[in-house]
Amino acid sequence: MKLGYELTIEQTQKLTMTPELIQAIQILQYNNQELNEYIENELLENPVLEVERSEEDDAKRIDIDELRDKIVESNYDLDSFRSWEQNSSDRDEYSFEQYVAFKYSLIEHLLTQLHFSDLKGKDAEIGRYIIEGIDDNGYLVVPTEEIIVNMETDAETVERVLDVIHTFDPVGVGARNLQECLLVQLKNNGHLNELTSWIVREKLTDLAGNRITQLAREAGVSVQEMSEAAEIIKALEPKPGRLYDSDLTVKYVIPDVYVEKVGGEYVVTVNDSSSPHLMISSYYSKLSGEARSNGELNKYLNDRFNSAMWLLKSIEQRKRTIYNVASAIVSYQKDFFDHGERYLKPLTLKQIAEKVGVHESTVSRSINGKYMQSAMGVLELKYFFTSGVVNDDGTGVSSNSIKSMIREIVDGENPNKPYSDLKIANMLGTEGIEISRRTVAKYREDLGILSSSRRRKF
């Protein structure tokens, strides 16, 4: 065996992740909001880039320039003109950025009510301390002992102030536990009595298990009377504070693609109106030609120009890829758009990748955080990629489609005799969908549907 060092020439192929390629991959993965933030940052860092103006904007710009010339000729105050010009622009153009959504938090809502309540002076200070100790769900998380010590008061005063806060909207706010929250609501709606009080204080676990017959026997009342009391309690709000804005509030999304049915065919459109349209600045293009004698400046402008061009190409490539992927999805899931969720088919990244002619990872980045608006609502593109089972006829049925069928079955059942998971599995089997009882139970739980014993009404 020969040992030693020697020089050899070897030819290999490998993919090098250049900064430009990394940028293109990042841009493809961005959703609309992230892309806008990225573009804004690039506009700040790269002077060669600027936002493209429409012909209408250019016409306005020319009119303003002509007006400025006339003002200068007439010796008017330019500062006043600039102030008018700014205000004029504000009036002519409207955008969502000019409007700020007002977020009314639970704490602000309660403090407003405290201001108009009968609590004054020291009581109002204690009330503010209590309100500031209420969490997003509406529960008081500060111990009574802490309030007593920090506010230099007594337990009786704290309870008296808390009783007033319990009357604030939303009803049940300021409770220290679930039982107290429900009791406050029952008192407010006039349904607090010996039976409902007993259920809330001692039998919530049995109520959650829908053990109506057992509870009726223990309370010495009829099943009908117990069932009515149970329905009253179940209608209460266990987390009254969640009705108000918090960090967990649902966020709105901007669709990346639109799907519309035109002449019997579905047309896919990429939403690029939410992002600024970029262009190469004519000023810097002209300056680049004049700066050839300055080597350092010329290199800087060329680098900035190349970076700007790559960004424009990456954004355009992102648009084409998302369009191609979305179009492939719509083509494959046409039955869904025609008839609804029940007709959603199983779909994998590989299927779309092969149809579009790209790698699976590209499809994954194209659908990540992207949303489609159609007649079926605003849906994340990931929604269309689900596993499923095979029908008797060999066609596939997605898990979301099966879940839709399960919900239809449950919605149409007799509440006094709800279907068991096994019964639902058998009913699906009659439609050619072979599915186990355990899978039905899993899908039912995913839908937030209770078991048959807990759905039963007496």
Side-chain angles (χ1 to χ4, degrees), residues 99-209 215 219 228-252 448 450:
Y99 300 91
V100 180
F102 178 67
K103 296 184 176 181
Y104 202 44
S105 70
L106 174 65
I107 301 302
E108 291 170 332
H109 182 54
L110 295 175
L111 289 176
T112 299
Q113 294 176 78
L114 175 66
H115 178 74
F116 292 102
S117 72
D118 293 333
L119 298 175
K120 305 298 179 185
K122 181 68 174 181
D123 287 349
E125 294 178 13
I126 296 172
R128 172 178 284 274
Y129 191 95
I130 290 173
I131 288 173
E132 291 175 349
I134 293 175
D135 66 12
D136 290 338
N137 289 324
Y139 285 89
L140 177 60
V141 294
V142 177
T144 303
E145 294 75 16
E146 179 182 323
I147 302 173
I148 293 172
V149 172
N150 291 341
M151 296 307 298
E152 298 180 350
T153 185
D154 53 65
E156 183 181 351
T157 302
V158 172
E159 292 297 327
R160 177 169 51 80
V161 173
L162 192 54
D163 284 342
V164 175
I165 294 176
H166 283 166
T167 66
F168 289 1
D169 177 69
V171 179
V173 73
R176 286 157 287 196
N177 52 56
L178 177 59
Q179 283 84 357
E180 185 177 24
C181 179
L182 299 180
L183 290 171
V184 169
Q185 294 179 61
L186 287 170
K187 181 180 179 180
N188 178 77
N189 63 25
H191 287 113
L192 182 61
N193 52 49
E194 186 176 351
L195 179 58
T196 56
S197 177
W198 173 74
I199 296 173
V200 169
R201 294 180 188 276
E202 302 181 27
K203 298 297 179 179
L204 280 182
T205 302
D206 290 329
L207 177 64
L215 288 172
E228 291 175 357
E231 290 301 316
I232 290 172
I233 296 173
K234 289 179 181 179
L236 303 177
E237 174 54 67
K239 297 178 180 179
R242 63 182 172 183
L243 302 175
Y244 290 82
D245 182 73
S246 70
D247 292 338
L248 301 178
T249 300
V250 174
K251 302 299 188 294
Y252 294 94
L450 301 175

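- Summarising the geometry of L182 relative to V200, their closest heavy-atom pair is CB-CG1, 4.0 Å, with the distance given to 0.1 Å.
- The backbone N or O of P143 lies less than 3.5 Å from no partner atom in the side chain of E146, so there is not a single donor-acceptor pair.
- Distance check: L204 CG to I199 CD1 gives 9.0 Å after rounding to the nearest 0.5 Å.
- Here the side chains of E125 and K122 are in contact, with some heavy-atom distance below 4.5 Å.
- Side-chain atoms of E180 come within 3.5 Å of backbone N or O of R176 as a donor-acceptor pair.
- By the 4.5 Å heavy-atom criterion applied to side chains, E237 and V171 are not counted as neighbours.
- In terms of heavy atoms, C181 sits closest to G172 at SG-O, 3.7 Å.
- The structure places CD1 of I126 at 10.5 Å from CD of E152, a figure rounded to the nearest 0.5 Å.
- If you take CG on L111 and CZ on R128, they are separated by 5.0 Å, rounding to the nearest 0.5 Å.
- Contact of the D123 side chain with the D118 side chain is not registered, since no non-hydrogen atoms from C-beta on lie closer than 4.5 Å.
- Minimum interatomic distance between P238 and L178 (heavy atoms only, all atoms of both residues): CB-CD1, 3.9 Å.
- In K239, the NZ atom is not crowded: 12 or fewer heavy atoms of neighbouring residues, nucleotides or ligands sit closer than 6.0 Å.
- Residues V158 and Y129 are not in side-chain contact: their nearest non-hydrogen atoms beyond the backbone lie 4.5 Å or more apart.
- Side-chain contact check for L162 versus H166: some heavy-atom pair is nearer than 4.5 Å.
- Here the CD1-NZ distance, from I233 to K203, works out to 13.0 Å after rounding to the nearest 0.5 Å.
- Between the side chain of N177 and the backbone N or O of Q179 there is at least one donor-acceptor pair closer than 3.5 Å.
- For R160 and E156, the salt-bridge test fails: no basic side-chain N is under 4.0 Å from an acidic carboxylate O.
- Taking the side chain as every heavy atom from C-beta outward, Q113 and H115 never approach each other to under 4.5 Å.
- Contact detail for L114 and G127: the closest heavy-atom pair is CD2-C, 3.9 Å.
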Would you sort out whether L192 and L183 count as a side chain to side chain contact (heavy atoms under 4.5 Å, CB included), showing the intermediate values? CA-CA 7 Å; L192 182 61; L183 290 171; 3.7 Å; yes
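- Applying the 6.0 Å contact sphere to CD of E231 captures more than 12 heavy atoms from other residues, nucleotides or ligands.
- By the 4.5 Å heavy-atom criterion applied to side chains, S117 and I165 are not counted as neighbours.
- Under the 4.5 Å side-chain criterion, counting only non-hydrogen atoms from C-beta, I147 is not in contact with V161.
- Of all heavy-atom pairs between F168 and I131, the closest is CE2-CD1, 4.3 Å.
- Nearest approach of G138 to L106, heavy atoms of both residues: CA-CD2, 3.9 Å.
- The CG atom of D135 sits 12.5 Å away from atom CZ of R242, with the distance rounded to the nearest 0.5 Å.
- If you take CG on L207 and CG on L215, they are separated by 7.0 Å, rounding to the nearest 0.5 Å.
- Judged purely by atom type and a 3.5 angstrom limit, S197 has no side-chain atom pairing as donor or acceptor with the backbone of E194.
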